[in-house]
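Structure, as structure tokens:
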Amino acid sequence: MIKTAHDIIVRPVITEKSMAAMAQNKFTFEVAKGATKIDIKKAVEELYEGVKVAKVATISVRGRAKRVGRHEGYTSAWKKAVVTLTSDSAKIPFFEGLN
């Protein structure tokens with residue numbers, strides 16, 4: 001099944017830790033569960049003009065137990081990708097104003 005770049009890259013992850021990693025050209029995204037590192041690299045390079053990916057690290061984030069009143073359940077499990085760009089790569093425009 002061929003997925004588009006928009007199917008692979010779900011959304012950017014904006015946290016204190018991901019903002020600090022931007023100084024080392026590392027950007028964090030939520031990605032599709034079935035996406036491979038090669039799929040993620042191609043999707044990022046396709047979505048953002050002039051961006052060259054050097055490395056992709058993936059992490060499967062487990063769902064956490066939550067409770068609201070007497071009802072218990074779990075949040076959804078998801079997959080996170082930390083994309084490292086090359087030093088001569090263009091910056092990702094979405095993250096430009098967030099520093």
Side-chain angles (χ1 to χ4, degrees):
M1 184 166 124
I2 298 174
K3 292 184 177 181
T4 66
H6 291 285
D7 291 335
I8 294 169
I9 305 295
V10 177
R11 67 180 179 93
V13 176
I14 309 298
T15 62
E16 287 183 28
K17 189 173 181 179
S18 69
M19 291 289 112
M22 283 174 38
Q24 291 92 36
N25 271 354
K26 294 183 180 183
F27 298 90
T28 309
F29 297 95
E30 179 181 341
V31 296
K33 279 189 180 182
T36 64
K37 291 181 180 185
I38 296 166
D39 292 339
I40 296 165
K41 178 180 178 177
K42 288 179 182 176
V44 170
E45 289 177 348
E46 182 183 325
L47 283 176
Y48 305 106
E49 296 289 323
V51 172
K52 295 179 194 166
V53 176
K55 180 180 172 184
V56 176
T58 58
I59 303 103
S60 292
V61 181
R62 65 176 173 78
R64 297 185 180 229
K66 292 287 182 179
R67 191 178 141 165
V68 178
R70 61 183 179 160
H71 302 285
E72 294 182 17
Y74 284 88
T75 60
S76 298
W78 54 288
K79 191 171 188 177
K80 176 168 66 172
V82 179
V83 177
T84 306
L85 304 182
T86 59
S87 58
D88 62 334
S89 172
K91 298 291 184 199
I92 296 177
F94 176 82
F95 291 98
E96 282 297 306
L98 297 177
N99 288 359

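The shown structure was predicted, so the numbers you read here are calculated from the model rather than taken from an experiment.
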Nearest heavy atoms of [X] and [Y], plus distance in Å:
X     : Y     : value
Phe29 : Pro12 : CD2-CA, 3.9 Å
Val51 : Ser89 : CA-OG, 3.3 Å
Ala32 : Val10 : N-CG2, 3.9 Å

Would you compute the distance between atom [atom1] of [X] and atom [atom2] of [Y] and round it to the nearest 0.5 angstrom?
X     : Y     : atom1 : atom2 : result
Asp88 : Thr86 : CG    : OG1   : 4.0 Å
Ile9  : Glu46 : CD1   : CD    : 10.0 Å
Asn25 : Lys55 : CG    : NZ    : 13.5 Å
Lys33 : Ser76 : NZ    : OG    : 7.0 Å

Return yes when atom CD of Gln24 has more than 12 non-hydrogen atoms of other residues, nucleotides or ligands closer than 6.0 Å, and no otherwise. yes
Whether the side chain of Thr28 engages the backbone of Ser18 through a donor-acceptor N/O pair (distance < 3.5 Å, no angle test) should be reported. no
Output every pair passing salt bridge (charged side-chain N to carboxylate O under 4.0 Å, His left out) with a member in residues 57-86, not counting sequence neighbours, ordered by first then second residue. none
With a 4.5 Å cut-off on side-chain heavy-atom distances among I, L, V, M, F, W and Y, is there a chain of contacts connecting Ile8 to Leu47? yes
Would Val13 end up clustered with Val44 when hydrophobic side chains under 4.5 Å apart are linked, directly or stepwise? no
Run Phe94 and Ile14 through side chain to side chain contact (heavy atoms under 4.5 Å, CB included) and show every step you take. CA-CA 11 Å; Phe94 176 82; Ile14 309 298; 3.9 Å; yes
